[in-house]
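Here the structure is laid out as structure tokens; the discussion comes afterwards.
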Amino acid sequence: MLIMRRRAGESFLIGGEIEVEVLEVSATRVKLGIVAPDAVQIQRKETQITRDENVSAASSVRRDRIFSLLEKVALGGSRRAVKTLTVVSPLTSEDT
Amino acid sequence: MNRIQTKCFGEMSYSQKAVFEFPGGLPGFEDERMFAFLSQPAAHPLMFMQSLTRASVCFILLPILVADPNYELSLTPDDLEALHLPAGRQPEIGTEVLCAAMVCAGAENRPHPTVNLLAPVVLNLRERIGIQAILTLSGYSHRHALLALNSQPDLALCS
């Protein structure tokens, strides 16, 4: 990892077209200004992590997996094996 | 009651009260704005977050306090504003907001189910608005092992 020291008001370049300027520095945060071509996607790392995880979560949803999941989240006591999921009820605040 | 095509359970009926709007979409699913939140006694405590516009988009959710009984929400001022909640304090889970973790139920390369505690789904129950918050500084994992639920030792005994 390249480490660089910069002060507020100073900037650096990534390649020829991306400029990152340090706008403001406080005790716990830095404010950065980024200039880049439209084609360059800029996002917070945790947004990318969340996006990837959302895609994994959505593609993991299969009916057969729900049954094995239920075995893991059965909270104590005896749980009868779930054979069918047919009863439908809308979510209510009690479900929290 | 309206009818909806779901990913796992065929056609189901749902109440309009179960529908929440996500004005900002979700990372990776920016075009999905309306979701029905469905629960079924047989699948308790799991919930299903089914897109109203695309049957193939469904998430399995677990109430956050089931996933982690000590979970602490730390919404940013922007999150609170997006949810139309008062600024300056965290909402109460269960009364003001429903908070749930997305479950990854397993995949080829990840056989064990995990829950995303880093980015919980938070719903304003009164206004029926939802967001996926990203708790950047919380230290929570986006792949918290679900296996720990049953095998968690009784911490009270250790203290």
Side-chain angles (χ1 to χ4, degrees), chain A residues 23-32 34 38-96, chain B residues 1 7-9 12-18 26-29 36-48 56-60 62-67 93-95 97-100 102-107 110 113-114 116 118-119 123 125 132 134-136 142-143 146-147 149-150:
Chain A
L23 299 174
E24 207 177 290
V25 182
S26 71
T28 56
R29 315 189 115 182
V30 289
K31 194 178 189 178
L32 303 174
I34 303 162
D38 288 344
V40 175
Q41 195 186 29
I42 299 168
Q43 60 185 339
R44 289 187 276 173
K45 184 177 176 182
E46 56 271 27
T47 304
Q48 177 64 53
I49 289 172
T50 302
R51 172 175 287 111
D52 292 347
E53 200 56 28
N54 285 354
V55 170
S56 298
S59 62
S60 80
V61 176
R62 283 197 336 223
R63 196 183 163 96
D64 58 321
R65 289 201 178 119
I66 293 169
F67 301 123
S68 52
L69 254 183
L70 282 169
E71 286 163 20
K72 291 200 170 64
V73 298
L75 300 173
S78 59
R79 167 176 280 274
R80 279 174 300 157
V82 176
K83 294 270 174 21
T84 53
L85 288 171
T86 49
V87 187
V88 178
S89 66
L91 185 72
T92 63
S93 56
E94 278 90 67
D95 290 313
T96 55
Chain B
M1 292 286 254
K7 182 172 184 181
C8 293
F9 310 114
M12 286 171 54
S13 53
Y14 68 98
S15 151
Q16 204 55 37
K17 285 183 189 161
L26 304 170
F29 297 87
F37 285 74
L38 307 166
S39 63
Q40 307 195 29
H44 184 83
L46 298 178
M47 296 181 285
F48 302 91
S56 61
V57 177
C58 177
F59 298 96
I60 301 174
L62 191 62
I64 206 86
L65 295 178
V66 174
I93 296 175
T95 55
V97 294
L98 183 149
C99 185
M102 276 189 194
V103 178
C104 181
R110 287 167 54 192
T114 58
N116 185 348
L118 170 71
L123 305 177
L125 292 167
Q132 184 175 25
I134 303 178
L135 311 186
T136 307
H142 63 292
R143 290 183 183 173
L146 201 50
L147 292 175
L149 275 181
N150 278 346

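First the proteins, then the strands, lettered A, B, ... as listed; each starts at 1. Since we're looking at a predicted model, the values are computed, not measured.
Annotation: the span from B:N116 atom CG to A:D52 atom CG amounts to 11.0 Å, rounded to 0.5 Å. Atoms CZ and OG, from B:R143 and A:S56 in turn, are 6.0 Å apart once rounded to the nearest 0.5 Å. In this structure, the separation between SG on B:C58 and CZ on A:R63 is 12.0 Å, given to the nearest 0.5 Å.
Within the 4.5 angstrom heavy-atom criterion, no atom of B:Q16 approaches chain A. Proximity to chain A (any heavy atom under 4.5 Å) is shown, for B:F59, by both the backbone and the side chain. Using a 4.5 Å cut-off between heavy atoms, A:E53 contacts chain B through its side chain alone, with no backbone atom that close. Heavy-atom distances place both the backbone and the side chain of B:V103 under 4.5 Å from chain A. Using a 4.5 Å cut-off between heavy atoms, B:I134 touches chain A through its side chain atoms alone.
Annotation: A:R44, atom CZ; neighbour count of heavy atoms from other residues, nucleotides and ligands within 6.0 Å does not exceed 12. The environment of A:Q48 atom CD is dense: over 12 non-hydrogen atoms of other residues, nucleotides or ligands sit within 6.0 angstrom.
Residues A:N54 and B:Q132 share a closest heavy-atom pair of ND2-OE1, 2.7 Å. Among all heavy-atom pairs drawn from B:P27 and A:T50, the shortest one is CG-CG2, 4.0 Å. The minimum heavy-atom distance linking B:A105 with A:R65 is given by the pair O-CD, 3.3 Å. Closest of all the heavy-atom pairs between A:S60 and B:G106 is CB-O, 3.2 Å.
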